[in-house]
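Contents: one structure, followed by commentary.
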Amino acid sequence: MQLFFHHIQAKVHDVFQLDAEESRHLIKVLRKKIGDEVQVTNGKGQLLECEVNTENPKKAQLKVIRLVDKPKQRDYYLHVYIAPTKTNDRFEFFLEKATEIGIDEITPLVCEHSERKKIKLVRYQKIIVSAMKQSLQFHLPKLNDLTLFSEALQQSKTGENYVAHCEEEKQKKLLFSELNSAPGKRINILIGPEGDFSPSEINLAKSYDFTPVSLGKNRLRTETAGIFAVQQVATKFES
């Protein structure tokens, strides 16, 4: 299946237009013709089975012929708060892989040790959309704007809350062993910048009921830690 994306909340027989990038791929690369069937998702759990209405490589139009509801494949809600890396490519790699594995919400953080305090939100959104399509998923992860660490804690919702950091703590356990795989859980995980969270940030997270956890004996790069945490959650719920 070749999956396309459009934000439309459609009905059968609706006609809509793909953006220029998706139109070019459909008409120029895949060489689709009028009447050919195309699969589209709106990122909200719908599969739109469509047919090509026009062959314009800049403004391809599609007509909806069937709608299929696609339930979410994961029985949990995962929100990762993570500090963007100094090297932009590495953070984009995290976004891509986390989306492919399975994540529901991402909040980029500004922390005391952050080396990146500006982000390319539109570009990041495109990467997430592309990863969703590539992995044949129908629910688009929510990407929030860059948020101060303290504000993120104030906005955090109830659930299982974890802060992954590198400081030694007597009672700190592995994330995998702390996770509770009961269905319907909301899981919030904080991943720090390349210089780790500061002691004051760790203490602040604890005051908001975030449990300190380890991601293993090795010291991981930020993007590796993020991907590892997402995979640990997926493994816990699938095992």
Nearest 0.5 Å, what's the CD1-CD1 distance between Ile101 and Ile227? 6.5 Å
Should the heavy atoms of other residues, nucleotides or ligands under 6.0 Å from CZ of Phe93 be counted, would the total exceed 12? no
Please check if the side chain of His79 supplies one atom and the backbone of Arg186 the other of a donor-acceptor pair under 3.5 Å. no
Would Gln155 and Thr107 satisfy side chain to side chain contact (heavy atoms under 4.5 Å, CB included), going step by step from the backbone distance to the final call? CA-CA 11 Å; Gln155 296 166 9; Thr107 297; over 6 Å; no
Under 3.5 Å donor-acceptor pairs involving side-chain atoms of residues 174-182, not counting sequence neighbours:
from: Ser177; atom 1: OG; to: Leu174; atom 2: O; distance (Å): 2.8
from: Asn180; atom 1: OD1; to: Ala182; atom 2: N; distance (Å): 3.0

Could you walk me through whether Asn56 and Gln61 pass side-chain hydrogen bond (donor to acceptor under 3.5 Å, both in side chains), step by step? CA-CA 8 Å; Asn56 190 325; Gln61 287 188 346; over 6 Å; no
Does a donor on one side chain sit under 3.5 Å from an acceptor on the other, for Ser130 and Gln134? no
Tell me, yes or no, whether the heavy-atom count around Lys206 atom NZ, taken from other residues, nucleotides or ligands under 6.0 Å, exceeds 12. yes
Pairing residues for Gln39 by the side-chain hydrogen bond (donor to acceptor under 3.5 Å, both in side chains) criterion, not counting sequence neighbours: none
Relative to each other, are the rings of Phe210 and Tyr81 parallel, tilted or perpendicular (30° and 60° limits)? perpendicular
Could you give all pairs that pass the ring-ring contact (aromatic ring centres under 6.0 Å, His included) test and reach residues 26-75, with sequence neighbours left out? none
Taking atom CD of Glu151 and atom CG of Leu109, what is their separation to the nearest 0.5 Å? 11.0 Å
Sorted by chain and number, sequence neighbours left out, side chain to side chain contact (heavy atoms under 4.5 Å, CB included) with Asp145 holds for Ile119, Leu121
Determine, step by step, whether Ile8 and Leu48 satisfy the side chain to side chain contact (heavy atoms under 4.5 Å, CB included) criterion, reporting the C-alpha distance in whole Å, the side-chain angles of both residues, the deciding distance to 0.1 Å, and the verdict. CA-CA 10 Å; Ile8 188 171; Leu48 287 64; 3.7 Å; yes
Sequence neighbours excluded, which residues qualify as side chain to side chain contact (heavy atoms under 4.5 Å, CB included) partners of Arg24? Lys28, Val29
Are Cys50 and Phe16 close enough that some pair of their side-chain heavy atoms sits under 4.5 Å apart? yes
Would you mind reporting whether Thr54 and Ile27 have side-chain heavy atoms less than 4.5 Å apart? no
Pairwise side-chain contact, Leu140 with Gln125, heavy-atom cut-off 4.5 Å (strictly under): yes
Is the side chain of His113 donor-acceptor paired with the backbone N or O of Asp196 at a distance under 3.5 Å, no angle test? yes
Set of salt bridge (charged side-chain N to carboxylate O under 4.0 Å, His left out) partners for Lys11, sequence neighbours left out: Asp14
Within the supplied structure, the quantity of interest is the number of heavy atoms (other residues, nucleotides, ligands) at a distance under 6.0 Å from His7 NE2; does it exceed 12? no
Is any side-chain heavy atom of Lys70 less than 4.5 Å from a side-chain heavy atom of Gln137? no
Please lay out, stage by stage, how Val163 and Val213 fare under the test side chain to side chain contact (heavy atoms under 4.5 Å, CB included). CA-CA 6 Å; Val163 53; Val213 291; over 6 Å; no
Sequence neighbours left out, what passes side-chain hydrogen bond (donor to acceptor under 3.5 Å, both in side chains) with Tyr124? Give chain and number order. Asn88
Taking only residues two or more places apart in sequence or in another chain, which ones pass side chain to side chain contact (heavy atoms under 4.5 Å, CB included) with Leu30? Gln2, Phe4, His25, Lys32
Taking the side chain as everything from C-beta on, heavy atoms only, tell me whether Tyr208 gets closer than 4.5 Å to Gln154. yes
Between Lys97 and Gly226 (side chain of the first, backbone of the second, donor and acceptor by atom type, cut-off under 3.5 Å), is there such a pair? no
Before giving the answer on side chain to side chain contact (heavy atoms under 4.5 Å, CB included), spell out for Phe138 and Val68 the whole-Å C-alpha distance, their side-chain angles and the decisive distance to 0.1 Å. CA-CA 11 Å; Phe138 303 93; Val68 182; over 6 Å; no
Has the side chain of Thr99 got a donor or acceptor atom that lies under 3.5 Å from a matching backbone atom of Leu95? yes
Flag yes if more than 12 heavy atoms outside Lys236 fall under 6.0 Å of its NZ atom; otherwise flag no. yes
Check the pair Arg123, Glu92 against salt bridge (Lys or Arg N to Asp or Glu O under 4.0 Å), reporting the backbone distance first and the verdict last. CA-CA 9 Å; Arg123 176 173 169 80; Glu92 291 178 1; 2.5 Å; yes
Around atom NZ of Lys63, are there more than 12 heavy atoms of other residues, nucleotides or ligands at under 6.0 Å? no
The side chain to side chain contact (heavy atoms under 4.5 Å, CB included) partners of Thr85 (sequence neighbours excluded) come to Arg90, Phe91, Glu194, Thr222, Glu223
Assess whether atom CD of Glu168 is packed by more than 12 heavy atoms of other residues, nucleotides or ligands within 6.0 Å. no
Not counting sequence neighbours, list each pair that qualifies as a salt bridge (Lys or Arg N to Asp or Glu O under 4.0 Å) and has a residue in residues 34-48. Glu37-Arg66
Assess whether side-chain hydrogen bond (donor to acceptor under 3.5 Å, both in side chains) is satisfied between Glu112 and Ser200, documenting all intermediate values. CA-CA 9 Å; Glu112 287 184 33; Ser200 63; 2.8 Å; yes
Qualifying residues under ring-ring contact (aromatic ring centres under 6.0 Å, His included), relative to Phe228, sequence neighbours excluded: none
Under the side-chain hydrogen bond (donor to acceptor under 3.5 Å, both in side chains) test, which residues partner Asp104, sequence neighbours left out? Lys72, Arg74
Quick check against the 3.5 Å criterion: does Thr41 have a side-chain atom that pairs as donor or acceptor with the backbone of Gln46? yes
Answer yes when Lys133 and Glu22 have at least one side-chain N-carboxylate O distance shorter than 4.0 Å, and no when they do not. yes
If only atom types and distance count, is the side chain of Glu49 paired as donor or acceptor with the main-chain N or O of Ile65 below 3.5 Å? no
